Every structure is written in structure tokens, then in C-alpha cells.
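So the structure is just underneath, and the comments pick up after that.
Lettering of chains follows the sequences in order, A, B, ..., and the numbering in each one begins at 1. Predicted, not measured: the structure shown is a model, and the values here were computed from it.
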There are 2 protein chains.
Amino acid sequence: MATKTAAQRREEAKLEYDAFMAGCPSRQLLDRISDKWVGLVLAAMADRPRRYGELSKEVAGVSPKMLTQTLRSLERDGLVARYVTAEVPVRVDYELTDLGHSLMPLMRAIKSWAEAHMDDVHVARSEYDRTTASA
Amino acid sequence: MATKTAAQRREEAKLEYDAFMAGCPSRQLLDRISDKWVGLVLAAMADRPRRYGELSKEVAGVSPKMLTQTLRSLERDGLVARYVTAEVPVRVDYELTDLGHSLMPLMRAIKSWAEAHMDDVHVARSEYDRTTASA
DNA sequence: CCGTATCCACAATGATACTG
DNA sequence: CAGTATCATTGTGGATACGG
């Protein structure tokens, strides 16, 4: 039996990692809510349903591609519901589901921690940058 | 005065977006904690300080480049402290700061929501995929 | 009006060899 | 032991023209 190559060892390690984390629900949740546009989209329809065009304006700077992609993944995860009304032209509304609403306290918790501690973080950064300054 | 081009309008929109979100602390916090390795690294030293080599093994699959990069950003943000002991060979320990520890309840909250609701998410995904199935 | 299709740019991640 | 330097690769997001 030949000695394992670095690549092989790394592959095994990777499997362990996957076994430990890939299945961890917190990882998937973080990946979802930390998406660049998710927070803005959810916030935009927190209080009432919104049409696609409304979201497009309210979430300023988002391209149609990203807006649709964001809405689709939120819909797939059951956080947002999509309603199509067959008018001419067609009308589409999006709104938070109960599951989507249940996520809001968590978002608020994140906001709270950040508001309470981001000053410390910024001070730490300044100190680190000052101390580490090279030239 | 010429009509604004699409690019110009988009640029203005982008600035509005930046003004609204770039300064939002929750955005920065999410970006930090949702990093691929941050969760694992923080978890690895949650109960006691760890040496670089220990982290390298415990956080299986991480390359030295990413481990160092992760540790540096956590150190810069004041979530982790780095201690160098001048032995031969050199010894370096990392541990959570008070600020780092204060983040743990939030991580647990995320984990809790995920554990409580990821089943719903998975059901929603299955339903969505089933309904949307094309070929 | 509500998206989809396409192409492009760039940042993020990874493997790995090498240095203090 | 504890990283750093380099190169290759991939994923992610953006602009925009066009279709239902």
C-alpha cells in the first residue's frame, strides 16, 4: 500500500468536513440570508406584498437577473409566495409566507448585535490597521 | 439636457442603494459570519485556545491560505486574539476575545432557527421542484 | 409588465511549493 | 511550526437585448 498523497489526504479531510458541516442547517441558513440581495428583498416586502416592478425600484441597483434569481430561491425555500394575476398586462405580486415572517426576529437579532457591537469592531479594525501599518 | 441613459440611471440607483445598505451594520456582520470558514474556525476555538496547526486539522479541508486569511480578518475585527510564543519552533495560539464570545449566542440563535425550520424549507423545496419539474 | 437568455468581468477559493 | 507566494479555476454578479 503506497503512502497517501497530499491530494488523497486532503480529499478525505474534505469528506470529514462535508460530513460535519454540509449537513449543518445553520450553514445553509447563513448562505441564504447572507446573500447580497435577500436582505433587501425581504425588507422590501416585510410589511406588505410587492409587485415585481415595485421591488425592482425599491431594491435600487438590482438587475432583473438578480432580482428574479433572488425571488426564485426565496420562493423555492418557502419564504416568499408568488401570485400571478391574469390581467393585461400581467401582474405578479410577492409576499412573505409565515415561514418568511418567522425569519424576521432573527434578522432583527442580527441587526441588534451589529448595532450593539459594530463600534467595537470598527475600533478593533482601526487599531489593527494602525498597528499593522507597514510603510 | 439629454435624457439619461440606462447606465446613468442605474448608476444613480446604485448610489442610493449603497447609501442605504453599505452603512448598515447588519450587512457587514452577515458578510463576516457567513464566510465559508468563519463558522468552523470560531467553533473550533469556542471552548479553548487553539494553535494554528490544530485549527488546520480540526477545520478539515481548509488550505493554509484560507485559514490564515480567515484568522487575519477575525483578528482585525477583534473577534479573535493571536498570541505568539517565542519558542523554537515558534508557537502561535488563537483564542476568542470577549467580543468573539458575545457573538456565540447569535450563532446559536441561527442554529436554533435552522433546526426548527429547515424541515419546512426542505419540504418547500421538494414541493417547488416537483411542481416545477419540466422534462 | 414580467421576466429570460447571453455574454462578460472579476472576485473568491483552492492546490501547492517554498520561506522565516 | 507557521505561515506566504503564485497560479489555475470556478463561481457570482452585472449589463443588456429580447421574448411571452
Those residues that, when tested against H101(B), pass side chain to side chain contact (heavy atoms under 4.5 Å, CB included) (two or more places apart): L96(B)
With S56(A) via side chain to side chain contact (heavy atoms under 4.5 Å, CB included) - residues at least two apart: L67(A)
Quick one: D31(A) CG to dG11(D) P, roughly how many Å, whole number? 14 Å
Applying side chain to side chain donor-acceptor pair (under 3.5 Å), name anything that partners R130(B), two or more places apart in sequence or on another chain. E127(B)
Counting only N and O atoms by type, is there a donor-acceptor contact under 3.5 Å from the side chain of W113(A) to the main-chain atoms of P105(B)? no
Nucleotides 2-8 of chain C: protein proximity per nucleotide (B base, S sugar-phosphate only, - neither; heavy atom, under 4.0 Å): SSBBBB-
To the nearest angstrom, how far is M66(B) atom CE from dA11(C) atom C1'? 11 Å
How would you list, by chain and number, every residue that makes a side chain to side chain contact (heavy atoms under 4.5 Å, CB included) with S112(B), sequence neighbours excluded? none
On the nucleotide dT12(D), are OP1 or OP2 found under 4.0 Å from the side-chain N or O atoms that W37(A) carries? no
Going by side chain to side chain contact (heavy atoms under 4.5 Å, CB included), name the residues that satisfy it together with R50(A), two or more places apart in sequence or in a different chain. M45(A), D47(A), R48(A), E54(A), L55(A), E58(A)
Bend across the helix from dC1(C)-dG20(D) to dG20(C)-dC1(D), to 10°, with axes taken over 5 pairs at each end? 50°
Which residues share a salt bridge (charged side-chain N to carboxylate O under 4.0 Å, His left out) with R82(A), sequence neighbours left out: none
Within this structure, what is the CD-to-C1' distance between E87(B) and dC1(D), rounded to whole angstrom? 10 Å
Gap between atoms CG and P, on D35(B) and dA11(C) respectively (whole Å): 17 Å
With R108(B), which residues qualify under salt bridge (charged side-chain N to carboxylate O under 4.0 Å, His left out), at least two apart? none
Given dC1(D), dA15(C), dG14(D), the nucleotide with the shortest approach to the side chain of K36(A): dG14(D)
